[in-house]
Amino acid sequence: MAASDYLRVPKQEVLRFCHECMTMAGASADHGRQLAEVLTEADYRGHFSHGINRLHTYVREIQMNTTCGDGCPEILKDTVTTAWVDGKNLLGPVVGNFCMDLAIKKAKEAGIGWVVAKGSNHYGMAGWYTLRALEHRLLGISMTNSSPITAITRAKSKAFGTNPISLAAPAIDGDSLVLDMATTTVSFGKVEIQNHKNEPIPLGWGQDAEGHLTTDPKDLIYREGALVPLGGPEISGGYKGTGLLIMVEILTSVLSGGNVGPNIRRWNVNTSEEANLGQLFAAINPECFSPNFEDNLEDFLSTLRGLDPSNPDEPVLVAGDRASRHMKMVDEEGGIPYPRNLLTSLNQLAREVGVPPMEALK
């Protein structure tokens, strides 16, 4: 898309818009705020697949009482280092913030906190929760399962979500590694964004209903196509991505008692059925291990960034570098860039729920 097809919206305006849409839909002010913060941060960091393009679904699920708009997660089992939590069908960010804050508390007291939750919902950007641990100079880990949209190696039918993994680790002087990745070739949100832009998806992102690779995003969004595991087809290592999908499923829902794989209700389907997602949140205090972790990590990251690039115009990056650059760009230019047609769609949502439209920069 051309630059003229984008509009910039100040970060605070995005927060305001999301918060008001959620509260008008029926979420409490606090829960609406927590969701708004996750979606806005995703777009601020350049993870548009997990930003406000998903707002319609969160609003609809609150309106339909598919997701509870107020309440508090419940700790079912608790030890010095672990906890099992029931998310009580609350918004995913509400459950995730509760669980990661609990893991952080345990890590500060005992060196590690390991918390799993059932009864949760889509929690947005996995890195949001590991960044919470990073603020305390802790390593953070988070994983979640989600509604079926991925066909594993040799299968046609959808059996798993994108099952993301995030790890955040602190280095010195504000530097860090922030890994946030799907265990599919790409997140489903990126397919949605290509569809918003009326552009094809690259070959290798997904397959059609017959299991053949496709470049049409509509095969995945409106038909029975599916994402493919990290690695793509079997010959290029898709079976390894399948293994990672299964690993995440075990550490989240099998461990917590949430719904597993094909048993999870479909995303973006009008239903009263609860998602009952399983999620993992962990925090680790590096001071419990080898000394000088942050200095050692900084040396490691510097070594990686200093490798000779295969293209002199494209320096070697580590996880989190793209996000840092994107945030700097947003700060300098005063707003987050969005496709015009996405803002048109969101402002239609605003009219439906009775919220002032999102105001872009002039």
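Side-chain contact annotation: N276 with K118, donor-acceptor N/O pair under 3.5 Å absent. Side-chain atoms of Q279 and S120 form a donor-acceptor pair, as typed in the model, at a separation below 3.5 Å. Between the side chains of Q63 and R60, no donor N or O sits under 3.5 Å from an acceptor N or O. In summary, the side chains of D78 and W84 do not present any donor paired with an acceptor at a separation below 3.5 Å, with no hydrogens or angles considered. In summary, the side chains of Y338 and D43 do present a donor paired with an acceptor at a separation below 3.5 Å, with no hydrogens or angles considered. Checking T214 against D219 by side-chain atom types alone, a donor-acceptor pair falls below 3.5 Å. Judged by distance alone, the side chains of H56 and S345 do bring a donor and an acceptor atom under 3.5 Å apart.
R137 has no carboxylate O lying under 4.0 Å from a charged side-chain N of E287, or vice versa, which leaves the two without a salt bridge. A salt bridge links R33 with D30: the closest approach of a Lys/Arg side-chain nitrogen to an acidic carboxylate oxygen falls below 4.0 angstrom. A salt bridge links E61 with R265: the closest approach of a Lys/Arg side-chain nitrogen to an acidic carboxylate oxygen falls below 4.0 angstrom. D175 has a carboxylate O that lies under 4.0 Å from a charged side-chain N of R305, or vice versa, which qualifies the two as a salt bridge. Ion pairing of R132 with E135 is absent here, as no side-chain N (NZ or NE/NH1/NH2) approaches a carboxylate O to less than 4.0 Å. With salt bridges taken as basic N to acidic carboxylate O contacts below 4.0 Å, none links K11 and D331. We find that E224 and R266 are joined by a salt bridge, their nearest charged nitrogen and carboxylate oxygen being less than 4.0 Å apart.
In terms of the side-chain hydrogen bond (donor to acceptor under 3.5 Å, both in side chains) criterion, D86 has no residue partners (sequence neighbours excluded).
Residue pairs meeting the ring pair (Phe, Tyr, Trp, His ring centres under 6.0 Å) criterion with at least one partner in residues 242-264, sequence neighbours excluded, are absent.
The hydrophobic clustering, which links ILVMFWY residues whose side-chain heavy atoms are closer than 4.5 Å, places V318 and L167 together. No continuous path of ILVMFWY side-chain contacts below 4.5 Å connects I152 to I149, so the two sit in separate hydrophobic clusters.
The backbone N or O of H212 lies less than 3.5 Å from a partner atom in the side chain of D208, making a donor-acceptor pair.
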Run the numbers on Y129 and Y123 for ring-ring contact (aromatic ring centres under 6.0 Å, His included), then give the verdict. CA-CA 9 Å; Y129 309 98; Y123 73 0; 4.5 Å; yes
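Ring pair H122/H50 is parallel by interplanar angle, where below 30° counts as parallel and above 60° as perpendicular.
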